[in-house]
There are 4 protein chains.
Amino acid sequence: MSHPLSVVPASEPHKRERRKEARPGELLEAALDLFVEKGYAATRAEEVAVRAGVSKGTLFLYFPSKEELFKAVVRENLARTVSEGASALEGFDGPTGDLLTHLMQQWWARYGATKASGISKLIISEASNFPELARFYQDEVVTPGTDLVRRVLQRGIDRGEFRDVDMHHTVHAVMAPLIFLVMWKHSLAPCCGAANTIDPEKFIAQHADLMVRGLLKEKEA
Amino acid sequence: MSHPLSVVPASEPHKRERRKEARPGELLEAALDLFVEKGYAATRAEEVAVRAGVSKGTLFLYFPSKEELFKAVVRENLARTVSEGASALEGFDGPTGDLLTHLMQQWWARYGATKASGISKLIISEASNFPELARFYQDEVVTPGTDLVRRVLQRGIDRGEFRDVDMHHTVHAVMAPLIFLVMWKHSLAPCCGAANTIDPEKFIAQHADLMVRGLLKEKEA
Amino acid sequence: MSHPLSVVPASEPHKRERRKEARPGELLEAALDLFVEKGYAATRAEEVAVRAGVSKGTLFLYFPSKEELFKAVVRENLARTVSEGASALEGFDGPTGDLLTHLMQQWWARYGATKASGISKLIISEASNFPELARFYQDEVVTPGTDLVRRVLQRGIDRGEFRDVDMHHTVHAVMAPLIFLVMWKHSLAPCCGAANTIDPEKFIAQHADLMVRGLLKEKEA
Amino acid sequence: MSHPLSVVPASEPHKRERRKEARPGELLEAALDLFVEKGYAATRAEEVAVRAGVSKGTLFLYFPSKEELFKAVVRENLARTVSEGASALEGFDGPTGDLLTHLMQQWWARYGATKASGISKLIISEASNFPELARFYQDEVVTPGTDLVRRVLQRGIDRGEFRDVDMHHTVHAVMAPLIFLVMWKHSLAPCCGAANTIDPEKFIAQHADLMVRGLLKEKEA
DNA sequence: AATGAATGAGTATTCATTCAT
DNA sequence: TATGAATGAATACTCATTCAT
């Protein structure tokens, strides 16, 4: 792309060095794949290394233990998620039902559909073995998520669009099918064929539609 | 040793024998607890034996391997669940909304709230390592479950109570929060304190209310 | 040895059971040999197991780690030593020089010449890696040992046989060649041939003679 | 590159080169410290490099293996010792007792008290794993040392000062406490507090006094 | 010459499984 | 049947050594 006669090779670091900087990321990606696919215990450290194209020893050069690797995978992928979202709420101007629907679809597109969503499955599967991570997930993902949904519902109520529902449990009722969808995608879906296939977009659309209808104040004559 | 004509009631077997017959059950129960709590890999065979009050060797007398024990735990507890339910649908006479709500509450009382619900968590956590079990679960639980819900929804539509929704995805939207609740109970709930506590009955009530409202045909003036 | 027609087989425990009770001892003995011969780090756990005639796994059935095995070896062999000795001092009636000489010879016969003396070499070699053990050795062996020698020297002084020497350093001067002898036996002696061979008994005799002569009050005309 | 006839003073090497020449020495010193402190096996190559202020790779530039580094450390520090001593014997004119005492004090000041004495501890600790080094030590240190002491004792006998003792074992009786002192300094002393503290100079003085008194012919009236 | 990223052989330790009693 | 001592395959992790830069 640069001019054929350009004499600027500077920005091209040595292979070795580029490698070094890329390593942790490559390892985390390989680890994410395998942990999600097989679970924490069934994933061997060497497998991760091999999939990342390095040797066993190299893995332990970057992560002091399998457990720390696991934690790093979780943090890495949660961090990605946490920061995103929330901003959509601000500038939005239409009916809250549309906002809610939009947010759910966005969540799927940006998190649920990505590899990172395997993290949710992982956390839930391994929560009792890594209580520290469970709490981390709770604080960094669950709570911010519920807060966001709560604000949206409150907006609907405040604007007279939604009924005055039991906020706490409604929030979870809104989110539950999303979590379910992610779990499903990473557990039964890959195994079990056509029969109960779920189309995520349609599923979310249907769920959103039911929720919004269920939340709306009944129009009176 | 006892007199050949003794009238010792047949139904009172010797302690030993009673024990013997109870063994597999005791082992399965202990195994269920531990598998649910810690996952398949993190559960040691000896732990199961100890909790069941027998020695390591005895466990392998009844189950040829840890894997078979796991499968037995799953089958045993699925069997329990599958047969129940379904009958409620027949005799019911009121509005379908009430029927749906009733069914969900029953499901929680009879399955979700019991130890056996740990099976769902187990299956989902270990699905990729035991695809055979995942398929078994799919066939024996998911499909019958969705069928049941489908029949209920169809009843509502047929009776002109419910809108004519996308049946397939609505069925899953109805069930998703129930599955979510079970997963939650067996993963994050035990770790993470007060903050996001979910009251199952209220949660289901709220979910049911939203669903039913979302399904009902809008009353026209 | 027992009467050929004796019908008393009772005291002969089953092979298995006898084994079980003997195991820890057999393992400790094998470990002592290898640790002394090759040092802590250069001794592989499996080697110990094999020499004891069991498998790797069995070793860890009796000792939770290599480090604990090492500590057990030390404690086992120190315990043996500590309790012995000291009693000789009481009943003795002759000249203190003879007592001192006797004690040194006994020490060699009962400890220095046995395999257990390898422990001293071990402790000294590994002291900085196992400070806890070093302190244990200090408390259980060095201090009681020096106390004993101190009492003997004091007896000599009190009885007017010995000069009134710098007690503290004299005690160590008495003991030093004994420790040296043990170190020598377990380090250079096995490697290096005839040249500097030391005959322990003669060496101790010579050392004792020099010490006693050095301690005695000069006979005046 | 520099002008062939440049007059840059030869004795002022470039920093780099001076460094380069110093490297092996710095590495050997760092290695001595660590080997003595922690033993051969417990000392990691990288630690040595870091303490010497170079990278791991550089260590292997100068020494082909950890084992060779170890041997070099031993040889280097033995060489230092061996050449010294011996000369004192020649010019000495007073009583042999004084000579012996003087030699022992000198030995401590020039070897025992220095870091190099750690070599003796090292050799004794690792003798069985490095028999070749043990033999080297035997030839280069033990034998010359005993020869020296023997000559001194012989001088005392020849001059009618000392009794005609069992030369071989007396030589070792003279040396044993010195070796002991070095071992003590590098093993238990650093771990174990005040209780059995030994003051080297006083200890040697006491030992020398006892030896000389033990060796002297009894003065007859 | 110097670096430090990468390697992989080597070792402690775990745990499902077996089997003599 | 029941036991629990014994086994050994499997796996995380270390560290001396190499080599591209």
Side-chain angles (χ1 to χ4, degrees), chain A residues 13-23 41-49 53-69, chain B residues 16-17 19-20 23 41-50 53-69, chain C residues 13-23 41-49 52-69, chain D residues 16-17 19-21 23 41-50 53-69:
Chain A
H14 298 262
K15 235 178 270 173
R16 265 279 171 117
E17 285 173 34
R18 196 173 50 215
R19 232 62 237 280
K20 193 212 161 178
E21 274 157 31
R23 279 286 135 76
T43 298
R44 270 172 305 132
E46 188 161 17
E47 260 182 302
V48 174
V54 299
S55 75
K56 200 178 10 173
T58 302
L59 170 62
F60 289 95
L61 215 57
Y62 291 95
F63 302 94
S65 71
K66 186 182 170 185
E67 190 167 334
E68 285 304 320
L69 171 65
Chain B
R16 256 288 168 112
E17 288 174 31
R19 265 290 83 165
K20 193 174 85 183
R23 279 285 139 74
T43 297
R44 271 172 308 138
E46 187 163 22
E47 262 182 300
V48 174
V50 166
V54 299
S55 74
K56 214 183 340 183
T58 304
L59 170 62
F60 287 91
L61 221 53
Y62 291 96
F63 303 94
S65 73
K66 186 185 174 186
E67 192 167 332
E68 284 306 318
L69 171 64
Chain C
H14 299 261
K15 234 178 273 174
R16 264 283 171 112
E17 285 173 34
R18 196 174 49 216
R19 243 37 255 278
K20 192 210 158 176
E21 274 157 33
R23 280 285 137 75
T43 298
R44 270 173 305 130
E46 188 161 18
E47 259 182 303
V48 174
V54 298
S55 75
K56 202 176 7 173
T58 303
L59 170 61
F60 289 94
L61 214 57
Y62 292 94
F63 302 95
S65 71
K66 187 182 170 186
E67 189 166 335
E68 285 305 320
L69 172 65
Chain D
R16 256 291 168 108
E17 287 174 32
R19 268 277 104 157
K20 193 174 88 182
E21 274 158 32
R23 279 287 140 73
T43 297
R44 270 172 307 136
E46 186 164 21
E47 263 181 299
V48 173
V50 166
V54 299
S55 75
K56 213 181 341 180
T58 304
L59 169 61
F60 287 92
L61 221 53
Y62 290 96
F63 303 94
S65 73
K66 187 184 173 186
E67 193 167 331
E68 285 306 320
L69 170 66

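Residue numbering restarts at 1 for every chain, and letters A, B, ... go by the order of the sequence lines.
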Next on the checklist: Tell me every residue that passes side chain to side chain contact (heavy atoms under 4.5 Å, CB included) with A:Ala45, counting only those two or more places apart in sequence or in another chain.
Outcome noted: A:Leu59, A:Phe60
Item to check | Earlier contact from the 5' end, DNA chain E, for B:Glu67 and C:Ala45 | outcome: C:Ala45
Item to check | Closest to side chain of C:Lys66, choosing from E:dT13, F:dT3, E:dA16 | outcome: E:dT13
Item to check | Position toward the 5' end of DNA chain F (nearest nucleotide), C:Leu59 or A:Glu46 | outcome: C:Leu59
Checklist entry - More 5' along DNA chain E: B:Pro64 or C:Thr43, using each one's nearest nucleotide? => result C:Thr43
Item to check | Rounded distance in Å - CG (B:Leu61) to C1' (F:dG4) | outcome: 13 Å
Next on the checklist: Nearest whole Å is fine: how far is E:dA1 P from D:Phe60 CZ?
Outcome noted: 16 Å
Checklist entry - D:Glu68 CD to F:dA16 C1': how many Å, rounded? => result 14 Å
Checklist entry - Mind checking what makes side-chain hydrogen bond (donor to acceptor under 3.5 Å, both in side chains) contact with B:Thr58, not counting sequence neighbours? => result B:Ser55
Checklist outcome for this item: Hits for side chain to side chain contact (heavy atoms under 4.5 Å, CB included) against D:Ser65, two or more places apart or cross-chain, chain-then-number order -> D:Glu67, D:Glu68
Look for any protein N or O under 3.5 Å of an N or O in nucleotides 8-10 of chain F and output each such pair with its distance, or none.
| from | atom 1 | to | atom 2 | distance (Å) |
| --- | --- | --- | --- | --- |
| F:dA10 | N6 | C:Lys56 | NZ | 3.3 |

Checklist entry - Would one find a side-chain N or O of D:Tyr62 under 4.0 angstrom from OP1 or OP2 of E:dA2? => result yes
Next on the checklist: Output the rounded distance in Å from CD (C:Glu47) to P (E:dT11).
Outcome noted: 9 Å
Item to check | Secondary structure string for DNA chain F (Watson-Crick or G-U under 3.5 angstrom, | for other-strand pairs) | outcome: .||||||||||||||||||||
Item to check | For A:Ala42, all residues meeting side chain to side chain contact (heavy atoms under 4.5 Å, CB included), sequence neighbours excluded | outcome: A:Lys38, B:Asn129
Checklist outcome for this item: Side-chain contact check for B:Ser65: nearest option of E:dA2, E:dT17, F:dA12 is E:dT17
Checklist outcome for this item: Hits for salt bridge (Lys or Arg N to Asp or Glu O under 4.0 Å) against B:Lys56, two or more places apart or cross-chain, chain-then-number order -> B:Glu46
